[in-house]
Amino acid sequence: MGSTTKAHLPKDFLWGFATASYQIEGAPHEDGRADSIWDTFCRIPGKIADGSSGDVACDSYHRYKEDVALLKSIGAKAYRFSISWSRVIPLGGRDDPVNEKGLQYYVDLVDELHANGIEPLITLFHWDLPQTLHDRYGGFLNQEEYVQDYVRFARVMFKAMGSKVKMWITYNEPWCSSILGYSIGQFAPGHTSDRKKSPVGDSSIEPWRVGHSILISHGAAVKVYREEFKSSDGGEIGITLNGDWVEPWDANDPKDVEACERKLEFSISWFADPIYKGEYPASMRKQLGDRLPSFTDDERALVQGSNDFYGMNHYTADYIKHLESAPEPDNFNGNLETSKTNKEGHAIGPETQSPWLCPYAPGFRKLLKWISDRYDRPIMYVTESGTSLKGENDKTRDEILEDDFRVEYFRDYVNAMAEASTFDDVDVRGYMAWSLMDNFEWAEGYETRFGVTFVDYEGGQKRYPKKSARVIGEIFSSMCE
Ligand code: PNW
């Protein structure tokens with residue numbers, strides 16, 4: 001009976017790859033594109049590990065047809081990419097002109113995908129805010145101005161794509177924009193209370209305001225899509241949230257067990273509770289007080305119920321140790337420590353090139369279930385999952401192409417997802433591997449590779465599929481029945 005059922009995925013399961021505009025496109029000033037906050041952030045010495053930028057990246061602005069041919073050769077059913085807002089509306093604002101050439105790039109990309117039988121998934125915003133909006137009024141920090149500008153940008157994109165695009169993602173990982181951009185200052189625009197890192201920022205307040213603006217603008221864009229486009233174009237719209245699984249540092253300490261729940265709430269429920277339940281989690285209100293904004297009735301009406309699907313980015317897991325002392329004003333994780341080893345010194349997973357990433361596939365199954373249970377079985381799409389490899393960039397090209405560690409990651413993670421789907425009643429319908437190809441890994445520059453395809457940055461950005469690119473299709477075909 002149940003016990004003899006093999007873990008599997010639905011027959012029409014949508015699998016493919018994800019990328020983001022600033023990480024792959026290059027051509028920062030071509031055809032009228034203007035700076036985003038990432039263009040300017042990369043120019044500040046010391047912010048990017050190898051001193052690089054997305055100026056060339058994978059050159060996908062010129063090579064999108066190659067990218068689509070690559071997707072097709074791998075057998076991908078879908079491709080998730082993001083829009084460079086400052087390519088489409090260089091100055092960003094609601095009264096600023098649309099750059100038709102920039103917009104056409106994305107229309108051409110979508111047409112090319114359809115011509116090759118690949119489903120496009122569009123992320124409207126993957127961190128590259130137009131610099132002008134930051135300079136004009138402080139970007140996310142000015143909710144009133146920002147929401148109107150974001151909604152106009154979204155409307156321009158919905159209109160340009162019409163029924164060609166059936167899946168829209170409003171935001172990628174607002175936790176990263178808020179915490180890495182406005183608390184730690186490791187990502188653009190680099191705000192933080194730490195004056196050694198930045199002359200501006202208040203980590204105790206800004207990240208919570210940023211998160212609020214993002215939520216309201218997400219809700220406002222969804223409203224526009226539902227009222228003006230959905231009935232004619234027939235698409236679905238949602239937000240993508242990141243979240244790592246958690247295990248107690250000391251499994252016998254109830255306070256560590258409790259801290260695990262708090263960590264999930266501070267990273268995931270911060271955004272998902274307002275969307276599915278209409279309110280921030282009580283644990284956040286308790287710690288943050290009125291530094292955490294409150295929803296007005298109008299705002300709540302916009303945000304609650306605004307997901308057609310839950311977009312989930314997932315890579316790794318942590319051990320969680322509670323703190324006894326009162327939370328610091330700039331604490332953003334629920335007053336706890338994260339660690340890759342537990343009390344017994346056991347590591348949660350093997351090391352990779354990314355300090356925050358140690359693969360632990362069972363955590364993927366558990367987190368899928370946790371989200372599914374808390375939010376009443378939403379339709380879910382995994383919009384990113386993948387791994388870097390320790391020291392990959394130091395190897396020869398031939399060695400890099402034999403990326404068995406990445407193959408095993410996908411095997412284990414896809415299997416964990418299939419278990420959640422088969423045994424835990426989780427309604428997961430898609431998986432986009434991060435990433436189609438090596439690309440600009442934000443503050444880590446090009447030293448960290450996440451691609452199933454090697455990009456030769458010294459050799460004209462030529463692409464060479466790794467073993468994982470050859471094997472991932474078999475992994476899915478063996479699971480989908
Ligand atoms: C995601 N962390 O970001 C992003 O959506 C991608 O653009 C990125 O390339 C990918 O994961 C791999 O890093 C994250 O420090 C960046 O915990 C950093 C963290 C998490 C996610």
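Given the structure is predicted, the values throughout are model-derived calculations rather than measurements. Read the numbers this way: they start at 1 and go in the same order the structure lists the ligands and their atoms.
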Working note: E119 + K166, criterion salt bridge (charged side-chain N to carboxylate O under 4.0 Å, His left out); need CA distance, chi angles, decisive distance, verdict.
CA-CA 8 Å; E119 181 78 30; K166 302 293 186 200; over 6 Å; no
Apply side chain to side chain contact (heavy atoms under 4.5 Å, CB included) to residues H314 and W245 and explain how you reach the verdict.
CA-CA 8 Å; H314 181 75; W245 180 244; 4.2 Å; yes
In this structure, atom 6 (C) of ligand 1 is nearest to the protein heavy atom E384 OE1, 3.6 Å
So which of F17, Y413, F476, W15 actually passes ring-ring contact (aromatic ring centres under 6.0 Å, His included) with Y431?
F476
Could you walk me through whether S354 and S388 pass the side-chain hydrogen bond (donor to acceptor under 3.5 Å, both in side chains) test, one step at a time?
CA-CA 6 Å; S354 316; S388 58; 2.8 Å; yes
Geometry only, no angles: is N172 polar-contacting ligand 1 at N/O separations under 3.5 Å?
yes
Which ligand 1 atoms does H126 reach within 4.0 Å, using its non-hydrogen atoms?
4 (C), 5 (O), 6 (C), 7 (O)
Looking only at N/O atoms, are N439 and ligand 1 under 3.5 Å apart anywhere?
no
Could you tell me the residue and atom name of the protein heavy atom closest to atom 14 (C) of ligand 1, and the distance to it rounded to 0.1 Å?
E173 OE1, 3.6 Å
Measure from NZ or CZ of R87 to the centre of the six-membered ring of Y61, then state whether that distance is under 6.0 Å and the direction lies within 45° of the axis.
yes
Please work out which of Y315, W356, W127 has its closest non-hydrogen atom nearest to atom 20 (C) of ligand 1.
W356
Run the contact test for Q186 against ligand 1 with a 4.0 Å cut-off on heavy atoms, strictly below, and give the result.
no
Can you tell me if S183 uses its side chain to pair, donor with acceptor, with the backbone of L180 under 3.5 Å?
no
Would you verify whether the NZ or CZ of K466 falls within 45 degrees of the ring axis of Y464 while also being under 6.0 Å from that six-membered ring's centre?
no
Ignoring angles and geometry beyond distance, decide whether Q23 reaches within less than 3.5 Å of ligand 1 through its nitrogen or oxygen atoms.
yes
Distance filter under 4.0 Å to E441 heavy atoms, resulting ligand 1 atoms:
8 (C), 9 (O), 12 (C), 13 (O)
